[in-house]
Amino acid sequence: MPGLVEVAPLPPVPLHDLLTYEVPLALRDGVQPGVRVRIPLGRQVRTGVVTAFAAEPPVYDTRPILEVLDADPFLTPEMLDLARWAARYYLTPLADVLAVVVPTHLPAAPHERVARLTRRLDAAELATLERRAPAQARAYHALVAAGGELATADAPSAGVRPAAMRALVTSGLVEVVARERALIAAPEASPTTPPPLSAAQRAAVAAIVGALDAEGHASFLLHGVTGSGKTEVFLAAAEHALARGRGALLLVPEIALTHQLLDRVRGRLGNTVAVLHSGLGPRERWAEWRRIRSGEARAVVGARSALFAPVERLGLVVVDEEHDAAYKQEDGFRYNARDLAVVRARLGKGVVVLASATPSAESYHAALDGRHTLLELPERPTPQPLPPVTLVDLRGRPRGAGPRLLTDELRSALESNLACGGQTLVFLNRRGYATYLQCPACGNALECPHCSVTLTWHRGARAVACHHCQYRRAAPSTCPSCAGQALEPYGVGTEQIEATLRACYPLANVDRLDRDAARRAGAQRRILRDWLAGDTDILVGTQMVGKGHDVPGVTLVAVLLADLSLNLPDFRAAERTLQLLVQVAGRAGRGDAPGTVCVQTFRPDHPSLVAAAAHDFTGFMRDELERRRVLGYPPFSRLVNLRLDGLDVAQLDAQAQRLASTLRAQAGSLGLGAGAVLGPAAPPIERLRGRHRRQILLRHADVRSLRALARHARAEESALRRARVRLAIDVDPYSML
Ligand code: ADP
Ligand code: ZN
């Protein structure tokens with residue numbers, strides 16, 4: 001019906017997807033699928049995207065559209081198709097998908113409003129605030145953590161509630177001022193010429209270029225060891241796509257860590273490169289989006305959500321480090337950008353290249369099955385081969401002074417590397433000074449009041465903090481439950497390792513890169529710049545240091561405790577551990593000098609460690625796939641995780657049980673067998689941000705039956721809501737926590 005359209009309101013309305021509106025005669029010429037419009041909603045006026053003409057009038061009285069915002073469709077038919085595909089596959093309302101696809105609005109003024117602390121509270125005042133107004137205390141901590149100033153637009157993502165902020169303003173502790181918005185200037189990169197490619201690189205480029213020339217859909221898995229020149233391969237492919245008049249999209253797990261790559265891409269492809277990532281403010285994001293939409297930028301580099309960049313005639317999509325969990329969105333519209341990249345390329349008849357030194361089991365299996373063409377780069381083209389990896393067995397060591405993780409073997413490797421002037425990367429995937437504080441008298445360990453986890457001690461900040469919510473408080477000097485003894489620290493984090501290494505090697509430049517160190521504006525760039533320039537002798541860090549950097553001076557990589565990721569209750573634990581170890585180890589020996597790697601573990605016989613030491617990804621994956629096949633885990637089955645949460649645990653349990661038995665009955669009538677519905681069970685973190693959690697896992701080899709089953713769960717959503725239980729459907733889940 002031409003007079004009626006379906007509109008996805010932005011932001012979406014819970015439990016509604018699309019709403020039907022009337023198009024007044026005066027606006028009929030301007031309205032078509034893909035344009036943005038202003039619509040009345042209750043007593044508000046909102047923006048929305050027209051998704052289609054309505055097939056039939058709805059049961060409710062329709063209201064008219066107020067205004068059309070775009071002369072040309074804001075979303076192309078291809079993007080709408082992709083969004084619809086994603087909504088169906090991920091069982092997510094189309095409006096929720098479009099909320100991720102469409103960038104936030106252009107802000108009206110070039111100024112942004114900033115909330116600024118007028119003074120700091122002393123300990124007594126802070127304690128009072130924490131007791132009387134915890135939300136305000138959280139807002140206060142967020143402001144302190146942000147260096148005393150926070151753009152009001154960024155406040156919600158920092159966990160600050162608007163009401164709490166208003167209350168702080170009223171009390172005079174915070175003032176709101178206007179500040180000139182910082183624009184990220186696109187640095188002019190100097191043009192670079194590629195090195196002469198190796199035979200393996202040339203073969204890979206030829207395969208991709210051949211597929212681009214054929215103008216049809218093709219998909220590749222580019223498996224090359226760390227430093228094998230994968231980037232050179234996909235840059236050459238992107239040049240070819242652009243030369244043929246097609247667009248190119250390059251996805252990376254995390255832009256903030258990838259300045260180096262950005263420079264390389266700009267150097268090769270020039271001004272036609274646009275960059276999209278979550279660190280951009282609404283204005284920059286919008287400016288980049290417009291450059292892409294207008295065709296001025298035809299190559300896009302970006303993180304996860306850049307998958308939805310409006311590149312026209314998209315010829316090539318590259319997903320770098322395709323195994324990385326950062327491609328999986330873990331709230332709201334829970335999509336995997338790697339998987340949607342393959343879909344986007346297929347819908348648009350383009351070529352997709354998934355690249356990694358450690359491909360995911362899913363992608364590797366697909367390549368062995370012939371669904372992706374496998375391209376391999378087995379060697380580094382640079383002077384040094386892959387570094388030798390030594391395993392250090394941590395078992396049965398007496399407890400001496402200082403952290404046990406700084407073993408004699410590690411110290412002597414570190415000292416000889418320092419003596420040669422080499423840089424050392426020390427990797428420990430755990431932030432803070434100590435993992436938890438415990439009272440030796442009563443045994444009480446400090447826990448987060450909102451989550452079922454212990455609080456991490458951040459000694460430098462004199463605070464304990466929850467790594468799952470915003471909770472933070474001053475570190476108590478005595479046990480709060482028996483008020484008797486001083487608390488004792490357990491479990492070593494990066495902060496403690498950094499402090500110990502500084503004390504042991506006072507002449508060395510020791511630095512640290514993790515989310516705490518990177519919190520202050522500009523700190524991350526500074527840390528990485530010093531590291532790249534060779535000024536840092538020892539860099540201690542979490543997985544932030546494991547990714548992507550190409551630092552020629554690194555000749556020693558030390559993994560302090562490889563077992564951390566191995567002990568997670570997740571069927572992907574072995575795969576993840578191998579990926580992490582190979583990636584971190586791959587930072588060594590990338591320059592002219594050879595590198596070595598030292599990996600400490602309590603489980604030197606574990607397949608992930610054996611394979612990491614032997615650089616045997618292929619052998620590991622062969623065994624791992626066999627194990628997954630026997631146990632019926634992905635990629636040999638598909639999973640849908642139904643995540644339920646609620647404030648009342650009895651209510652939650654009752655609803656979870658009811659949902660599980662409904663689904664078991666449905667599974668029976670669909671003929672799916674008894675094993676298709678598992679649970680309900682409590683996830684490892686039973687309570688998060690004050691809400692109890694349960695999960696029901698749906699598992700089956702046939703994805704269509706599985707989604708049919710999950711649709712039944714979706715249909716139960718309003719009944720669950722009435723019982724104050726929330727449901728999130730996670731299709732192809734990546735995290736089981
Ligand atoms: P990857 O993406 O596989 O980690 P890169 O493309 O970043 O590898 O290459 C690693 C290093 O090797 C870079 O410094 C790059 O400039 C260099 N390199 C890549 N290909 C060649 C080549 N054919 N000859 C010489 N150096 C190369
Ligand atoms: Zn918490």
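We're numbering straight along the sequence, starting at 1. We count ligands from 1, going down the list as the structure has it; atoms in each ligand are counted the same way. These numbers were taken from a predicted model, which means no experiment stands behind them.
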Are a donor atom and an acceptor atom from the side chains of [X] and [Y] found within less than 3.5 Å of each other?
X	Y	value
Ser481	Asn444	yes
Thr424	Asn417	yes
Gln470	His141	no
Thr193	Arg268	no
Tyr364	Glu362	no
Ser363	Glu322	yes
Ser608	Arg576	no

Distance filter under 4.0 Å to [X] heavy atoms, resulting ligand 1 atoms:
X	value
Pro196	22 (C), 23 (N), 24 (N)
Leu197	23 (N)
Ser198	23 (N)

Practice task
Between Thr382, Asp550, Asp320, flag the one that comes closest to atom 26 (N) of ligand 1 by a heavy atom.
Solution key: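 Ranked by closest heavy atom to atom 26 (N) of ligand 1, first place is Thr382.
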
Problem - Heavy-atom nearest option to atom 1 (P) of ligand 1, drawn from Lys230, Arg202, Arg264, Arg380 - result: Lys230

How far is [atom] from its nearest protein heavy atom, and which residue and atom is that?
atom	result
atom 8 (O) of ligand 1	Gly229 N, 3.0 Å
atom 4 (O) of ligand 1	Gly227 N, 3.1 Å
atom 2 (O) of ligand 1	Thr231 OG1, 2.6 Å
atom 18 (N) of ligand 1	Pro381 CG, 4.0 Å
atom 16 (O) of ligand 1	Glu232 OE2, 3.9 Å

Practice task
Check the angle between the aromatic planes of His223 and Phe617 and answer parallel, tilted or perpendicular using the 30° and 60° thresholds.
Solution key: tilted

For ligand 1, indicate whether the residue [X] contacts it via side chain, backbone, both or neither (heavy-atom separation under 4.0 Å).
X	value
Ala355	neither
Gln201	side chain
Glu321	neither
Pro195	side chain

Handout entry: side chain to side chain contact (heavy atoms under 4.5 Å, CB included) between Glu495 and Asp516, intermediate numbers included
Key = CA-CA 9 Å; Glu495 190 186 337; Asp516 303 307; over 6 Å; no

Handout entry: Within 6.0 angstrom of Arg525 CZ, more than 12 heavy atoms from elsewhere
Key = no

Exercise for the section: Tell me whether the centres of the aromatic rings in His458 and His467 are closer together than 6.0 Å. Expected result: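 Here the rings of His467 and His458 have centres that are less than 6.0 Å from each other.
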
Please list every donor-acceptor pair under 3.5 Å in which a side-chain atom of residues 198-206 meets a protein atom from a residue at least two apart or in another chain.
from	atom 1	to	atom 2	distance (Å)
Ser198	OG	Gln201	N	3.2
Ser198	OG	Gln201	OE1	3.3
Gln201	OE1	Ser198	N	2.9
Gln201	NE2	Gly229	O	3.0
Arg202	NH1	Leu197	O	2.9

Handout entry: Asp645/Arg694 ion pair, N-O < 4.0 Å
Key = no

Practice task
Check the Zn ion (ligand 2) and write out every protein N, O or S atom at under 2.8 Å, as residue and atom.
Solution key: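 The answer is Cys448 SG, Cys451 SG, Cys466 SG, Cys469 SG.
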
